[in-house]
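Please read these numbers as outputs of a predicted model, since none were measured by experiment.
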Amino acid sequence: MTEQSGPEAIWRAALAEGRFLLQKSASDGSHVFPPRTMSPGTGTDDLVWVEAAGGGSVYSVTVISPKPPLEPYNVVLVDLDEGPRVMSRVEGIPAQAVKIGMRVQARIGQEAGEPILLFDPA
């Protein structure tokens with residue numbers, strides 16, 4: 001992996017430490033994702049890093065059915081309780097069992113040796 005700097009590198013380093021961080025605007029209290037240098041809409045540069053609670057609800061779900069012997073998996077958009085929407089997967093149940101509105105909880109998993117953000121049913 002190449003050396004990176006900036007907000008995404010900070011976010012990925014936190015994942016590697018087992019921490020799920022979001023940015024929060026000090027001026028208006030809104031949470032931001034994906035990581036960036038300025039708040040969307042206002043352009044303020046007062047973003048600070050905070051621990052995410054990790055709870056959320058499935059906003060949308062797509063089930064991918066690869067050719068056997070690979071198992072189906074899902075791709076979801078999750079509305080975090082803090083406000084931002086993130087793309088990930090829900091694991092721990094069959095891909096087809098994930099439903100819109102389902103409560104989920106974030107966790108950090110591994111894929112190809114790299115930490116990734118995943119969700120489990122809450």
Task: Side chain to side chain, Glu8 and Pro34, heavy atoms closer than 4.5 Å - done: no
Task: Ala53 versus Glu82, closest heavy-atom pair with distance - done: N-OE2, 2.7 Å
Task: Atom of Val104, atom of Ser57 and distance for their closest heavy-atom approach - done: CG2-N, 4.4 Å
Task: Met38 to Gly43 - nearest heavy-atom pair and separation - done: SD-O, 3.4 Å
Open item on the list: Minimum heavy-atom separation for Pro121 and Glu91, please, with both atom names.
Closed with: CD-O, 3.2 Å
- [ ] Flag the pair Lys99 / Val61 as yes when at least one side-chain heavy-atom distance between them is below 4.5 Å, and no otherwise.
- [x] no
Open item on the list: Determine whether a donor-acceptor pair (N or O, by modelled atom type, separation under 3.5 Å) exists between the side chain of Glu71 and the backbone of Pro94.
Closed with: no
Under 3.5 Å, which donor-acceptor pairs link side chains of residues 14-25 to any protein atom two or more places apart or in another chain?
residue: Glu17; atom: OE1; partner: Arg19; partner atom: NH1; Å: 3.0
residue: Arg19; atom: NE; partner: Glu51; partner atom: OE2; Å: 2.8
residue: Arg19; atom: NH2; partner: Glu51; partner atom: OE2; Å: 3.4
residue: Gln23; atom: OE1; partner: Arg36; partner atom: N; Å: 2.8
residue: Gln23; atom: NE2; partner: Arg36; partner atom: O; Å: 2.9
residue: Ser25; atom: OG; partner: Ser27; partner atom: N; Å: 3.4
residue: Ser25; atom: OG; partner: Ser27; partner atom: OG; Å: 3.1
residue: Ser25; atom: OG; partner: Asp28; partner atom: N; Å: 3.3
residue: Ser25; atom: OG; partner: Asp28; partner atom: OD1; Å: 3.2
residue: Ser25; atom: OG; partner: Asp46; partner atom: OD1; Å: 3.2

- [ ] Let me see the working for Ile93 and Met102 under side chain to side chain contact (heavy atoms under 4.5 Å, CB included), right down to the final yes or no.
- [x] CA-CA 12 Å; Ile93 59 174; Met102 174 184 276; 3.8 Å; yes
Task: Flag side-chain contact, heavy atom, 4.5 Å: Phe119 against Val58 - done: no
Open item on the list: Test of understanding: clusters of I, L, V, M, F, W, Y form through side-chain heavy atoms closer than 4.5 Å, transitively. Do Leu80 and Val98 belong to the same one?
Closed with: yes
Open item on the list: Once salt bridge (charged side-chain N to carboxylate O under 4.0 Å, His left out) is applied, do any residues pair with Asp81, and if so which ones, sequence neighbours excluded?
Closed with: Arg103
Open item on the list: Could you measure the distance from the CD1 atom of Ile100 to the CG atom of Leu77? Nearest 0.5 Å is fine.
Closed with: 10.0 Å
Open item on the list: Please determine whether a side-chain nitrogen of the Lys or Arg among Glu114 and Arg12 lies less than 4.0 Å from a carboxylate oxygen of the Asp or Glu.
Closed with: no
Task: Side chains of Pro7 and Trp49 in contact at under 4.5 Å (non-hydrogen atoms) - done: yes
Task: Crowding at OH, Tyr59 (>12 non-hydrogen neighbours, <6.0 Å) - done: no
Task: Single-linkage hydrophobic cluster Ile10~Leu117, side-chain heavy atoms < 4.5 angstrom - done: yes
Task: Nearest heavy-atom neighbours spanning Arg89 and Ile116 - done: NH2-CD1, 3.9 Å
Task: Minimal non-hydrogen separation, Leu118 against Ser88, with atom names - done: CA-OG, 3.4 Å
TODO: May I ask you to decide if Val63's main-chain N or O and Asn74's side chain share a donor-acceptor pair within less than 3.5 Å?
DONE: no
Task: From Arg85 atom CZ to Ser60 atom OG, the distance as rounded to the nearest 0.5 Å - done: 7.5 Å
Task: Shared hydrophobic cluster for Trp11 and Val86 (ILVMFWY, side-chain gaps under 4.5 Å) - done: yes
Task: Joint cluster assignment, Phe33 & Ile108, ILVMFWY side-chain distance < 4.5 Å - done: yes
Task: Pairwise side-chain contact, Leu47 with Asp45, heavy-atom cut-off 4.5 Å (strictly under) - done: no
